[in-house]
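A short write-up of the structure that comes next.
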Amino acid sequence: MSFDPVFTFGTIAAAALIGTGITHARDSSSSEFPQAVAVSELVVLGPGSFDHPQPGEFLKDNHPVAAPIVQETIDAPLEIMKYQVSVSEYGRCVADGACKPADSRKSGNIPVTGVSHIDAETYATWLSARTNETWRLPTDVEWAYAAGERFRSDIEGDESEPNNPARRWLAQYRAESALGRKPDPEPRVQGAFGINSRGLADVAGNVWEWTSTCYSHATIGSGGKRTASSIDNCGVHAVEGFHRTYMSNFIRDGKSGGCAVGTPPDNLGFRLVRDRPSLVQAALRRLGLS
């Protein structure tokens with residue numbers, strides 16, 4: 001994997017002065033935004049390319065096979081939250097009446113958990129409106145790039161007997177068991193799982209993270225690496241953590257259902273990506289024309 005140096009931005013309050021690398025807090029006396037919104041520290045990753053196992057379920061000759069590995073490219077700087085969205089950050093959205101309270105009633109400097117994909121999208125929409133910026137869930141590719149050495153793809157089954165789905169399932173279960181993960185239900189304070197090589201905290205800890213990538217059911221073509229056909233199910237999204245898995249959008253507790261193999265996710269949370277507008281769009285915003 002190749003990428004440019006990592007840059008970090010400190011805690012910011014709302015709007016960035018695009019193109020200068022300088023951040024400013026929004027005036028809290030503004031009638032449009034009566035209260036500044038504190039945003040988590042960001043990590044900025046330079047562009048790069050890496051080999052990535054594709055998300056979803058893949059069939060070849062009507063039998064499950066391992067996901068094809070393709071080279072993916074991040075062609076622009078990626079701004080992603082260093083920490084998962086916290087209880088207090090999510091609570092501001094709840095206080096505004098935009099977000100539903102999380103199932104978890106934890107407090108303090110810990111990641112918010114007990115939130116569905118729907119909740120995460122709602123928070124991103126609220127934060128975008130409050131900061132006049134664009135915030136969204138990362139894609140599977142973006143999350144994997146930011147996760148670096150801590151990314152682990154789907155737990156694969158046994159392909160030696162493609163006509164025996166039970167054997168494949170048992171192989172998947174044994175593969176995850178061999179990784180030695182034990183249930184770890186209590187969210188920890190931010191930073192408890194350390195910092196990865198990209199500068200992100202708590203990647204692949206006990207909070208699994210929603211992405212914007214839809215679950216895909218694909219057929220592998222004769223070349224072995226490209227899909228001959230693909231059907232996306234956007235009622236289910238990829239979740240990243242100790243390994244990649246998939247959950248229905250409304251699930252708030254990974255232990256209650258979904259498509260996890262073996263031990264299900266301990267907790268469901270998320271972190272967001274900030275999209276920078278083009279220089280033209282930024283100029284129009286400053287002039288109040290967009």
Side-chain angles (χ1 to χ4, degrees), residues 40-41 43 53 55 80-91 99-121 123-124 137-140 142-155 172-213 236-273:
S40 293
E41 185 176 352
V43 172
I80 186 168
M81 290 179 173
K82 178 176 181 177
Y83 300 98
Q84 294 137 349
V85 171
S86 70
V87 169
S88 60
E89 288 168 336
Y90 186 82
C99 292
K100 293 174 57 177
D103 279 353
S104 173
R105 294 295 186 262
K106 301 291 182 181
S107 61
N109 187 28
I110 62 173
V112 67
T113 58
V115 287
S116 68
H117 186 272
I118 297 169
D119 298 323
E121 290 279 14
Y123 179 84
L137 288 171
T139 65
D140 163 77
E142 291 169 335
W143 195 95
Y145 187 63
E149 75 283 1
R150 296 193 182 182
F151 173 77
R152 184 180 282 121
S153 60
D154 303 52
I155 302 296
Q172 287 177 306
Y173 191 89
R174 284 195 297 269
E176 184 175 16
S177 297
L179 297 175
R181 185 173 77 90
K182 297 180 180 180
D184 188 11
E186 292 300 318
R188 315 280 181 82
V189 65
Q190 288 182 333
F193 291 94
I195 307 295
N196 73 352
S197 63
R198 302 288 191 270
L200 273 70
D202 305 323
V203 175
N206 69 350
V207 176
W208 298 45
E209 302 177 28
W210 289 105
T211 75
S212 63
T213 295
V236 176
H237 279 81
V239 176
E240 312 282 0
F242 190 71
H243 63 76
R244 184 171 58 198
T245 189
Y246 308 92
M247 288 281 168
S248 296
N249 292 355
F250 60 85
I251 295 291
R252 290 180 136 199
D253 179 1
K255 297 179 288 297
S256 69
C259 305
V261 174
T263 307
D266 301 294
N267 301 283
L268 292 174
F270 63 100
R271 73 183 82 210
L272 299 178
V273 165

Is a donor on one side and an acceptor on the other found under 3.5 Å between the side chain of [X] and the backbone of [Y]?
X	Y	value
Arg244	Pro53	yes
Lys255	Asp266	yes
Asn196	Ala146	yes
Thr211	Ala238	yes

Can you tell me how far the [atom1] atom of [X] sits from the [atom2] atom of [Y], to the nearest 0.5 Å?
X	Y	atom1	atom2	result
Asp119	Phe270	CG	CZ	8.0 Å
Ser116	Asp253	OG	CG	12.0 Å
Asn109	Ser86	CG	OG	6.5 Å
Glu89	Met81	CD	CE	6.0 Å
Arg271	Leu200	CZ	CG	4.5 Å
Arg150	Ile195	CZ	CD1	7.5 Å

Student check: side-chain heavy atoms of [X] and [Y] closer than 4.5 Å:
X	Y	answer
Arg252	Lys100	yes
Glu121	Trp210	no
Val236	Ser248	yes
Thr245	Trp208	yes
Leu137	Trp143	no
Tyr123	Val115	no
Tyr246	Asp154	yes
Pro138	Tyr145	no

Shortest non-hydrogen separation from [X] to [Y] and the atoms involved:
X	Y	answer
Pro187	Thr113	CG-OG1, 3.8 Å
Ala204	Gly241	CB-O, 3.4 Å
Val203	Ala147	CG1-CB, 3.6 Å
Leu268	Val239	CD2-CG1, 3.9 Å

Exercise. Hey, mind stepping through Gln84 and Asp202 against side-chain contact (heavy atoms from CB on, under 4.5 Å) and telling me if it holds?
Worked result: CA-CA 8 Å; Gln84 294 137 349; Asp202 305 323; 4.1 Å; yes
Exercise. Taking only residues two or more places apart in sequence, or in another chain, which ones meet His117 in a side chain to side chain donor-acceptor pair (under 3.5 Å)?
Worked result: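 Applying side chain to side chain donor-acceptor pair (under 3.5 Å) to His117 gives none.
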